[in-house]
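Structure first, then comments.
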Amino acid sequence: MCEDARDIGRRGLFVTGAAAAVTVAGAGFAAADGADRETRTVRGTLPTGSPDFVYVPVEVPRGVRELRVSYTYDRPAVPAGTAGNALDIGLFDERGTGLGGRGFRGWSGGARSEFFVRADDATPGYLPGPVRPGTWHVALGPYTVAPQGLAYELTVTLTYGEPGAAVRPVYPPERARGRGRAWYRGDCHLHSTHSDGRRTPAAIGALARAAGLDFINTSEHNTTSAHANWADVAGDDLLVLLGEEVTTRTGHVVALGTDPGTFVDWRYRARDDRFGRFARQIRRAGGLVVPAHPHATCIGCAWKFGFGEADAVEVWNGPWTPDDEVALASWDATLVAAVRDGRGWLPAMGSSDAHRDPDVVGLPQTVVLADDLTREAVLAGIRAGRSYVAESKDVSLVLGVSGGRGEHAGIGERLAVGRDTPVTVRLEVSGAPGGTVRLVTDQGVLFTGGPLPASGTGTVEWRTTPAYAAYVRAEVRRAATGPVVPGPLVAFTNPVFLGRD
């Protein structure tokens, strides 16, 4: 049976509390009537300027064991520089599509053309659970629409029968065998087959161990389905934190280290003034709010929500690129504003955002001073800015500032001495052969040293006062690629602040 939903213009527009959405004609199923399986097909066309989400209702009767959805859409040729068709997909159950995700059952974006859910299993990206009677909704997300429009075909298949045994989720432990108070290496932005990645959790775990990581964070796009699939990957040598990459139309944010099963809705834009609600949800769930790749150039990827709700910011994302350079400079400007206004500052992080080969897990990695290798301690270290970012396990930095009377402060700390007190900045570097050291303050780069010897190990010292430098942070870079553009980063630190508050 085929039903048509071609004209969304005559349907009522409603708002789910944020981004505009429409509901179109859907698929109706009666009781099984002796059949083992039934299929309905819905076709429709979305125009340019479509709402962010189009909901296709599916009437599910009693006695359904499995719900399966497949879809296709056209991809017409478009002029150079014009976006073509891209259509994401997900599912909400009979509890509804309301903002907050009570009825959320899964999201695969554009990574899959088919998925299923049932009590004992589900396609990666989707949550296992009973297929209860009521009105379900297939959620379509027209990411981009060609000038010709986007014609889609949606096929829904219900299989009848006794449901399988419900799955009881098992989550990874919140503690690994650490070394007490020490520096721990982690990658907090990773994608598996549970979103648009191509690696299984087991494969990612193996790569994380090979990269010398002590902890990782799972961050699938708009789903928590991976949370219950990491317990066998975690171990005494690898702490697995749980989270989500909340992928909105005006920026992405990593919910870092949240309670197991915490789902954070993404169906809003910056102009909807809803992000604060979900940032607070992340923190209530014990996690950190970390805007990802804030100056990325892909559609919808650049961060437009501001940083008032952020706990840290992902300054370095994957291999070093020009948008990372912009992110670093923009972040440094926030440090100047924090000094000027006497308010808190925003720590920086780096993560790989690895999806598939040849993406390198642990390029870069955030190195955190934590009291132990636990979820609580690692998040506390990141929140406090006691961290630096390095391109690999081979690179290590030690940055400290000392006064003349034995005062000392390290990364993320403050050296509380008078404005005119002479202080010594000392940076120890290892694992960066040929690297150039730069010390950056609120005035900019005030010291450049190097290149480091072939061993990659070296120490630099620089003297200043709090009156001259309100903070100091370190960068290690490769050779410059031109007379203006600095070389790519090998590592950088969060700042040490100088002077009394």
Side-chain angles (χ1 to χ4, degrees), residues 181-183 315-316 328-329 331-340 342 344-350 364 366-369 381-382 384-391 395-453 455-480 486-487 489-501:
R181 186 172 175 82
W183 292 92
V315 166
W316 186 351
L328 181 67
W331 166 70
D332 187 81
T334 70
L335 301 179
V336 175
V339 169
R340 179 194 64 214
W345 61 284
L346 188 64
M349 296 180 60
T366 299
V367 190
V368 184
L369 180 60
I382 292 172
R386 298 192 301 265
S387 61
Y388 65 90
V389 182
E391 69 173 6
V395 181
S396 295
L397 303 181
V398 179
L399 175 66
V401 184
S402 302
R405 299 182 178 181
E407 309 96 332
H408 180 81
I411 298 170
E413 298 177 338
R414 175 176 291 276
L415 186 69
V417 296
R419 283 175 50 82
D420 298 320
T421 302
V423 299
T424 299
V425 179
R426 179 182 174 89
L427 176 69
E428 301 174 22
V429 183
S430 61
T436 298
V437 173
R438 308 198 322 169
L439 298 180
V440 186
T441 77
D442 53 316
Q443 294 188 65
V445 179
L446 291 184
F447 174 89
T448 301
L452 293 169
S455 65
T457 300
T459 300
V460 299
E461 288 190 353
W462 178 63
R463 289 174 176 79
T464 187
T465 65
Y468 193 65
Y471 64 84
V472 61
R473 59 178 186 83
E475 296 178 358
V476 181
R477 292 180 177 260
R478 289 200 170 83
L489 271 181
V490 176
F492 78 98
T493 73
N494 274 300
V496 182
F497 290 90
L498 308 180
R500 300 185 178 93
D501 289 335

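The first residue of the sequence shown is numbered 1, and numbering continues consecutively from there. What you see is a predicted model, and the numbers here were worked out from it, not measured in a lab.
Separating the CG atom in Leu397 from the CD1 atom in Ile411 is a distance of 6.5 Å, to the nearest 0.5 Å. Between atom OG1 of residue Thr366 and atom CE of residue Met349 there is a gap of 4.0 Å, rounded to the nearest 0.5 Å. For the atom pair OG1 (Thr448) and CD (Glu475), the distance works out to 9.5 Å, reported to the nearest 0.5 Å.
Side-chain atoms of Arg473 do not come within 3.5 Å of backbone N or O of Asn494 as any donor-acceptor pair. Panel note: side chain Thr493, backbone Ala474; a donor-acceptor pair is recorded below 3.5 Å.
Looking at heavy atoms from C-beta onward, Val429 lies in side-chain contact with Val437 at the 4.5 angstrom threshold. With contacts defined as side-chain heavy-atom distances shorter than 4.5 Å, the pair Leu439/Val425 qualifies. Side-chain atoms of Trp316 and Phe492, non-hydrogen and from C-beta on, do get closer than 4.5 Å to each other. Looking at Val367 and Val389, their side chains never come closer than 4.5 Å, going by heavy atoms from C-beta outward. Using a 4.5 Å heavy-atom threshold, the side chains of Leu452 and Thr457 count as separate.
For Asp442, there are no salt bridge (charged side-chain N to carboxylate O under 4.0 Å, His left out) partners at least two apart in sequence or on another chain. Legend: residues meeting salt bridge (charged side-chain N to carboxylate O under 4.0 Å, His left out) with Arg478, ordered by chain and number and at least two apart, are Glu391. Considering only residues two or more places apart in sequence or on other chains, Thr436 meets the side-chain hydrogen bond (donor to acceptor under 3.5 Å, both in side chains) condition with none of them. Remark: Arg500 engages no residue in a salt bridge (charged side-chain N to carboxylate O under 4.0 Å, His left out) (not counting sequence neighbours).
The shortest heavy-atom contact between Trp331 and Pro347 is NE1-C, 3.9 Å. Nearest heavy-atom pair across Leu399 and Val472 is CD2-O, 4.2 Å. Taking every heavy atom of both residues into account, Val496 and Gly410 meet most closely at CG2-O, 3.3 Å. Summarising the geometry of Ala470 relative to Val339, their closest heavy-atom pair is CB-CG1, 3.7 Å, with the distance given to 0.1 Å. Here the closest heavy-atom approach between residue Ser387 and residue Ala348 is recorded as OG-O, 3.9 Å. Thr441 and Asp332 make their closest contact through O-OD2, 4.4 Å (heavy atoms, listed as atom of the first residue, atom of the second, distance).
Residue pairs meeting the salt bridge (charged side-chain N to carboxylate O under 4.0 Å, His left out) criterion with at least one member in residues 397-424, sequence neighbours excluded: Arg414-Asp501.
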For this session: Test ring pair (Phe, Tyr, Trp, His ring centres under 6.0 Å) on Trp345 and Tyr471 and set out the steps.
Result: CA-CA 11 Å; Trp345 61 284; Tyr471 64 84; 9.1 Å; no
Enumerate donor-acceptor pairs with a distance under 3.5 Å from any side-chain N or O in residues 460-468 to protein atoms, sequence neighbours excluded.
residue	atom	partner	partner atom	Å
Glu461	OE2	Arg426	NH1	2.8
Thr465	OG1	Tyr468	N	3.3

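Taking the six-membered ring wherever Trp is involved, the centroid distance between the rings of Tyr388 and Trp183 falls below 6.0 Å.
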